[in-house]
Amino acid sequence: MSEQDNPEIKNTDKTLYQPLGGNEMPRFGGPATFMRLPPVELSPTLDAAFIGVPLDIGVSNRPGARLGPREIRDESRMLRPFNVSTGADPFNSLCVGDIGDVPINTFNLQKSIDIIERYYDEVLENDVMPLTIGGDHTIALPILRALKKKHGPVGLVHIDAHADINDHMFGEKIAHGTPFRRAVEEGLLDCERVVQIGLRGTGYSIDEYDWSKEQGFRVVQAEECWHKSLEPLMAEVREQVGDGPVYLSFDIDGLDPAFAPGTGTAEIGGLTTHQGIEIIRGCRGMNLVGGDLVEVSPPFDQSRNTSVLAAGLLFEMLCVLPGVNYVTR
């Protein structure tokens, strides 16, 4: 038998695309899409779509996140379609496709932000839930701008080593360290339903996270997460965000660099892979309207472990979207 978290999800007759299996094609062959899904065009028949945003001209330290979508897709080839641990059966529940990459302007950050926003406007006009493969964290701002037009201000579950609430970086108002301050200023977030998890590292003063707290965000520093399961925390987060629309934004540097070294701004003392999975699985039952996985930098990922981890976390995000059936024994 199975249960469905949200019976209001689109449930019309449609093709349910399946990842290419390992017995049909060797794992090192097949299409270079997420989980080797058929590459498809954006259309209203999709319920959810994987989208690459190969942008890293908003970074402040090590570059390379522009290569994240390609590498994460490559390392997703080992993923199977059923989540044995949770019982989630996403590909028999939703019509899911990989619709390719946003054609950003790699020489102009502001033009790229506008391109991304228009692209996601079209995605949301087609009633498709976006799962974004970054790219640096600057991309969260145009995505949230598009989400605001469809859903109004959204809640946010934000996993990161950094709060990304700088007022500016080198005088620039838009960069990968500023998206959530801009999002508050533009009314894109329902601030009482925002949670930031995993923040840590050095700073410039004791009040590093005060601005977030003053807006109404719940701030969970990494030290509060050490040596414990985060299931109790996520129960509190589900209560805080309630039934309203929620966006999930996962910066891979929220995890400790022991697990995810391939990133631009690594900070020691971070979350474990297990805790990252617990956070995402703890979002089951929320009214998720999309998610992203950002800041993977393959040039600093010599083992490719960071991309393997990112691919697995994106699959976990798919598994907690509204409308996914869970199979029970």
Side-chain angles (χ1 to χ4, degrees), residues 31-34 37 39-42 49-76 97-124 128 130-147 160-162 164 166 168-183 186 188 247 249-253 260-266 290-302 304 306-307 310-311 313-314:
T33 56
F34 193 81
L37 284 161
V40 296
E41 298 292 328
L42 175 65
F50 290 100
I51 305 166
V53 185
L55 178 142
D56 68 359
I57 50 177
V59 300
S60 58
N61 191 33
R62 304 190 301 201
R66 68 181 63 185
L67 304 175
R70 183 177 295 268
E71 191 70 26
I72 293 167
R73 284 183 171 112
D74 187 26
E75 293 302 334
S76 73
D98 186 326
I99 61 173
D101 292 344
V102 179
I104 59 98
N105 182 331
T106 196
F107 303 108
N108 189 304
L109 181 57
Q110 184 55 60
K111 287 183 179 179
S112 290
I113 295 301
D114 294 340
I115 290 167
I116 296 166
E117 182 179 351
R118 291 195 300 269
Y119 189 98
Y120 279 78
D121 284 341
E122 187 176 359
V123 169
L124 296 169
V128 175
L131 290 174
T132 302
I133 314 170
D136 75 56
H137 222 157
T138 315
I139 68 176
L141 178 60
I143 294 171
L144 289 169
R145 286 173 173 172
L147 287 168
D160 206 321
H162 313 96
D164 292 351
N166 293 340
H168 65 86
M169 300 184 80
F170 278 88
E172 299 297 327
K173 289 290 189 176
I174 294 181
H176 76 155
T178 69
F180 300 115
R181 184 177 286 246
R182 299 289 89 79
E186 296 178 21
L188 312 181
Y247 186 71
S249 189
F250 201 124
D251 187 323
I252 200 69
D253 73 26
T263 190
T265 47
D292 64 52
L293 191 293
V294 299
E295 298 281 359
V296 171
S297 179
F300 298 94
D301 188 26
Q302 294 181 1
R304 299 191 177 187
T306 310
S307 294
L313 294 176
L314 280 160

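None of these values were measured; they are calculated from a predicted model. All heavy atoms count here, side chains included; hydrogens, waters and symmetry mates do not.
Under the ring pair (Phe, Tyr, Trp, His ring centres under 6.0 Å) criterion, F34 pairs with F50, sequence neighbours left out. Applying the salt bridge (charged side-chain N to carboxylate O under 4.0 Å, His left out) criterion to D251, with sequence neighbours excluded, gives no partner residue. Among residues two or more places apart in sequence or in another chain, the side chain to side chain donor-acceptor pair (under 3.5 Å) test is passed with T265 by D253. With sequence neighbours excluded, the residues that form a salt bridge (charged side-chain N to carboxylate O under 4.0 Å, His left out) with R182 are D167, E185. Under the side-chain contact (heavy atoms from CB on, under 4.5 Å) criterion, L124 pairs with P130, A146, L147, K150, not counting sequence neighbours. Every side-chain contact (heavy atoms from CB on, under 4.5 Å) that I57 has, sequence neighbours left out, goes to L55, R66, T106, L109, S112. Legend: residues meeting salt bridge (charged side-chain N to carboxylate O under 4.0 Å, His left out) with R62, ordered by chain and number and at least two apart, are absent. In this structure, the side chain to side chain donor-acceptor pair (under 3.5 Å) partners of D121, at least two apart in sequence or on a different chain, are K149. In this view, D101 and R73 satisfy the salt bridge (charged side-chain N to carboxylate O under 4.0 Å, His left out) rule, not counting sequence neighbours. Evaluation of the side-chain contact (heavy atoms from CB on, under 4.5 Å) rule for A260 yields I252, L255, T306, L309 as partners, not counting sequence neighbours. With sequence neighbours excluded, the residues forming a ring pair (Phe, Tyr, Trp, His ring centres under 6.0 Å) with H137 are H158, F180, listed by chain and number.
Residue pairs meeting the salt bridge (charged side-chain N to carboxylate O under 4.0 Å, His left out) criterion with at least one partner in residues 102-114, sequence neighbours excluded, are absent.
The line from CG of L141 to OG1 of T178 is 7.0 Å long, rounded to the nearest 0.5 Å. Going from atom CG of L131 over to atom CG of D98 covers 10.5 Å, rounded to the nearest 0.5 Å. For the atom pair CD1 (I174) and CE (M169), the distance works out to 13.0 Å, reported to the nearest 0.5 Å. The distance from atom CG of L293 to atom CG of L313, rounded to the nearest 0.5 Å, is 5.5 Å. Rounding to the nearest 0.5 Å places CD of E122 at 8.5 Å from CD1 of I99. Taking CD from E295 and CG from N61, the interatomic distance works out to 10.0 Å, rounded to the nearest 0.5 Å.
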With side chain to side chain contact (heavy atoms under 4.5 Å, CB included) as the criterion, how do R145 and I113 come out once you've worked through the C-alpha distance, each side chain's angles and the decisive distance to 0.1 Å?
CA-CA 10 Å; R145 286 173 173 172; I113 295 301; 3.5 Å; yes

Y247 vs D292, test: side chain to side chain contact (heavy atoms under 4.5 Å, CB included). Steps then yes/no.
CA-CA 8 Å; Y247 186 71; D292 64 52; 2.8 Å; yes

For a side chain to side chain contact (heavy atoms under 4.5 Å, CB included) check, start with the C-alpha distance between L42 and Y119, then their side-chain angles and the critical distance, and finish with the verdict.
CA-CA 10 Å; L42 175 65; Y119 189 98; 5.7 Å; no

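For the pairing with I143, the side chain to side chain contact (heavy atoms under 4.5 Å, CB included) check across V123, L188, T132 returns one residue only, T132.
In this structure, G262 and D301 approach most closely via the heavy-atom pair CA-CB, 3.8 Å. Residue I104 comes nearest to P54 through the heavy atom pair CD1-O, 3.8 Å, listed as atom of the first residue, atom of the second, then distance. Of all the heavy atoms in G64 and P298, the pair that sits closest is O-CD, 3.4 Å. The nearest pair of heavy atoms linking A310 to V296 is CB-CG2, 3.8 Å. Nearest approach of A65 to D56, heavy atoms of both residues: N-OD2, 3.3 Å. Nearest heavy-atom pair, G134 versus I139, reported as atom, atom and distance to 0.1 Å: CA-CD1, 4.0 Å.
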